[in-house]
2 protein chains.
Amino acid sequence: MSGDTTTDLRSDFIERMGLIAQGEGMPRSAGRMLALLIWDGEPIAFADLAATLQISRGNVSTSARLLEERGLVRRVSRPAERQDFFQIAPNAFLSMLNGTRVRIENAMGEIEKVLETLPAREQGPRTRLTEYAEFYRAIADGLQTAVDRLQSPGR
Amino acid sequence: MSGDTTTDLRSDFIERMGLIAQGEGMPRSAGRMLALLIWDGEPIAFADLAATLQISRGNVSTSARLLEERGLVRRVSRPAERQDFFQIAPNAFLSMLNGTRVRIENAMGEIEKVLETLPAREQGPRTRLTEYAEFYRAIADGLQTAVDRLQSPGR
DNA sequence: CAGAGCATTCAGAATGGAATGAACGGTACC
DNA sequence: GGTACCGTTCATTCCATTCTGAATGCTCTG
């Protein structure tokens with residue numbers, strides 16, 4: 001039986017995603033939790049999350065809230081159970097993508113805010129800041145393309 | 001004279017970019033340095049960077065190296081000067097974009113690496129990981145679109 | 001109503017990454 | 001050849017964020 005191998009693969013995936021998430025400015029625990037929920041598609045109990053990931057329940061609570069806010073995870077309940085269960089959201093990846101796009105657009109907004117108050121005679125800075133804003137615009141549009149692509153065949 | 005106002009705008013921009021950079025997983029100093037170089041398009045002396053940004057020379061050295069590696073900044077020399085000078089790179093924003101794309105593709109690679117060793121019978125995980133990889137693929141392609149767009153009118 | 005089972009919150013500990021500043025090596029001047 | 005000027009490196013300090021765990025309050029159950 002190769003059950004062990006699969007389990008190893010899972011924890012490997014979990015750890016990788018922890019690091020990826022960290023690189024994206026998300027707490028490592030949240031990334032690991034997300035990974036676990038992606039792997040097992042089924043709802044996982046609050047207590048099991050803490051046990052499997054070996055993190056405190058407080059941490060589970062916080063990370064779950066973060067993932068819920070971003071639309072990556074759903075909190076579900078079960079008939080005879082008092083515990084909360086968590087499951088990967090149906091359109092999790094789409095939400096992720098949208099989240100990134102929003103972040104980019106915020107950054108772009110920052111630049112444009114500066115541009116608005118920058119006197120016209122400051123040609124040099126204006127030129128370069130404009131170019132910078134266009135850079136963000138290009139990314140935002142590119143991500144929008146990605147959103148469209150993921151959305152059309154999805155449903 | 002509104003010189004003061006412009007100066008304020010500049011340091012405002014510098015600080016904003018410091019925070020943005022930090023959000024993107026880059027050291028704050030590097031972001032602030034990049035901002036300064038974008039604003040003043042001209043080469044700035046090593047010592048002036050330290051003075052203007054109020055950071056140590058060691059920090060200037062490290063941040064400059066980071067920005068150079070990413071192709072965002074050029075180190076230039078001047079005839080009678082012993083100091084190094086730094087200038088925003090000609091195609092800085094394009095490099096930035098490419099850098100992001102590479103990072104995304106690396107993350108995608110991680111996922112695919114797991115997928116390769118995941119036995120076919122693990123249908124559920126396979127489906128979801130595949131979806132996840134497609135998500136990254138969509139982003140990478142979107143960014144590629146952005147690269148193309150920025151490149152064509154550029155030169 | 002009492003008690004158990006849960007999730008949340010928050011103060012404090014722990015961790016990781018960035019900034020500092022002194023020490024170092026190299027290079028141009030006199 | 002000596003000196004002054006520069007940039008780099010690295011051990012240390014500093015700071016921000018994350019994680020923990022105990023305290024809290026809520027909601028079911030019997």
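Every chain is numbered from 1 and lettered A, B, ... according to where its sequence line falls, protein lines coming before strand lines.
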> For B:Leu72 and B:Ser95, which heavy atoms make the closest approach, and how far apart are they?
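Looking at all heavy atoms of both residues, the closest pair is CD2-CB, 4.0 Å.
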
> Can you confirm whether more than 12 heavy atoms, excluding those of A:Glu69, are under 6.0 Å from its CD atom?
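Yes, because the 6.0 Å sphere around CD of A:Glu69 holds more than 12 heavy atoms from other groups.
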
> Are B:Lys113 and B:Glu110 ion-paired here, with the side-chain N under 4.0 Å from a carboxylate O?
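Salt bridge flag = yes for B:Glu110 with B:Lys113.
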
> Working to the nearest 0.5 angstrom, can you tell me the gap between B:Arg32 CZ and B:Leu49 CG?
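Atom-to-atom, B:Arg32:CZ and B:Leu49:CG are 11.0 Å apart.
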
> Let me know the distance between CG of A:Leu53 and P of D:dT20, rounded to the nearest Å.
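The answer, rounded to whole Å, is 10 Å.
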
> Can you measure B:Gln22 atom CD to C:dG17 atom C1' for me and round it to whole angstrom units?
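In whole Å, C:dG17 C1' and B:Gln22 CD are 10 Å from each other.
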
> For the residue pair A:Phe13 and B:Tyr132, categorise the inter-ring angle as parallel (less than 30°), tilted (30 to 60°) or perpendicular (more than 60°).
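Ring orientation of A:Phe13 relative to B:Tyr132: perpendicular.
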
> Applying a strict under-4.5 Å side-chain criterion to I, L, V, M, F, W and Y, I'd like to know whether B:Leu115 and A:Leu37 cluster together.
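Same cluster: B:Leu115 reaches A:Leu37 through Ile, Leu, Val, Met, Phe, Trp or Tyr contacts under 4.5 Å.
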
> Atom CZ of B:Arg65 to atom P of D:dC6: distance rounded to whole Å?
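B:Arg65 atom CZ is separated from D:dC6 atom P by 21 Å.
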
> Should B:Phe86 and B:Leu66 be counted in the same cluster of Ile, Leu, Val, Met, Phe, Trp and Tyr side chains packed under 4.5 Å apart?
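Yes, it is one cluster - the side chains of B:Phe86 and B:Leu66 are joined through contacts under 4.5 Å.
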
> When rounded to the nearest 0.5 angstrom, what distance separates CE in B:Met17 from CD in B:Gln22?
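Between atom CE of B:Met17 and atom CD of B:Gln22 there are 12.5 Å.
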
> Spell out protein contact along nucleotides 18-23 of chain C as letters: B when the base is contacted, S when just the sugar-phosphate is, - when no protein heavy atom is under 4.0 Å; keep the 5' to 3' order.
-SBB--

> At a heavy-atom distance below 4.0 Å, what parts of residues 66-90 of chain A sit against DNA chain C?
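Output list: A:Arg75, A:Arg82, A:Gln83, A:Asp84.
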
